Novice: 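Can you keep this structure in mind? I'll have questions shortly.
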Amino acid sequence: MKVTLWGTRGSLASAGPDTARYGGNTSCVEVLGAAGTRLILDAGTGIRRLGTTLPRPLRRVDLLLTHLHMDHIQGLGFFAPLYDAETEVHIWAPASPTLDLRAQLTRYLSPPLFPIPLRDLPGPLRLHEVAGGEFEIGEFRVTSAFVCHPGPTVGYRIASRDATLAYVPDHEPALGVQNFPLDGDWTSGYTVAAGVDLLIHDAQYSKDEYHSCIGWGHSSLEHTITFAELADVKHLVLFHYDPSHDDERLDRLITEAIASMTPSFTVTPAIEGMTLALGEV
Ligand SMILES: [Zn+2]
Ligand SMILES: [Zn+2]
């Protein structure tokens, strides 16, 4: 599979000269299988540019949302295939106990927040609520599991015939844990990340910042590396950077965290536009 990072930023799009290198667009990742199945993970502002690169005509595209915080859906109204009557768009997202998925998405895709109501989109839109467990999309087997973050939020594990990817962009596995990490079975997110070839994971805070942000749903860089070590991943991509972390600060924080943790696997900071190949592409 081929994995492309279209948005690497967390919480709020942060365009500007100070963030140009790591990227200012919010969470969006494209996964393209060797047999042509295309998945899009989250619809942050990075999805707009991705939408302009997709082949036409496009019969089907599957969009997997981890949750409905604005930084993960804000690009949705600007995703070109939604306006193409020939393209079947499938949106997968965690089930909520209070509102169904259509009602949740309509809160954003309706006036006054957005001029075009969801119901007026021309193409066939298929909505799927996930509540943990497995499903198949084309050549991929997808596993979802609820993870520690405010509101219903899942992480995804995507397996092809010869490669595995885990995507957990918003995650606080250390919340409420005295001695993080506990063993795998008791650690949030472990089931989707265990043993994967590539883990794309929340890396929002520095170690010091985390202490004043406990319960906000994110990880320190040190917690991210500890979690990846516990899950025995082969490669970690640091993702979902805090909007206040400019390129220079990220360089420094990432270098310090890697030096202090000496991880036994490859660690790559996410950079907008980066492509990674896993197994057959
Ligand atoms: Zn987020
Ligand atoms: Zn979030």
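Nothing here was measured: the structure is a model prediction, and the numbers come from that model. We count ligands from 1, going down the list as the structure has it; atoms in each ligand are counted the same way.
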Novice: For a distance under 2.8 Å, tell me if Asp170 has an N/O/S atom near the Zn ion (ligand 2).
Specialist: yes
Novice: Quick one: report the N, O or S atom of His69 that is nearest to the Zn ion (ligand 2).
Specialist: ND1
Novice: Any chance the side chains of Ser206 and Asp208 put a donor and an acceptor closer than 3.5 Å?
Specialist: no
Novice: For Tyr167 and Asp42, does a side-chain donor sit closer than 3.5 Å to a side-chain acceptor?
Specialist: yes
Novice: Pick from His69, His218, His171, Glu172: which one makes a side-chain hydrogen bond (donor to acceptor under 3.5 Å, both in side chains) with His149?
Specialist: His69
Novice: Given the side-chain rings of His223 and Phe180, with only the six-membered ring counted for Trp, is the space between their centroids under 6.0 Å?
Specialist: yes
Novice: Has His72 got an N/O/S atom less than 2.8 Å from the Zn ion (ligand 2)?
Specialist: no
Novice: So, for Asp202 and Pro169, which heavy atoms are closest and what is the spacing to 0.1 Å?
Specialist: CB-O, 3.0 Å
Novice: Tell me which N, O or S atom of Asp71 sits nearest to the Zn ion (ligand 1).
Specialist: OD2
Novice: With the Zn ion (ligand 1) as the reference point, give the N/O/S atom of His240 that is nearest.
Specialist: NE2
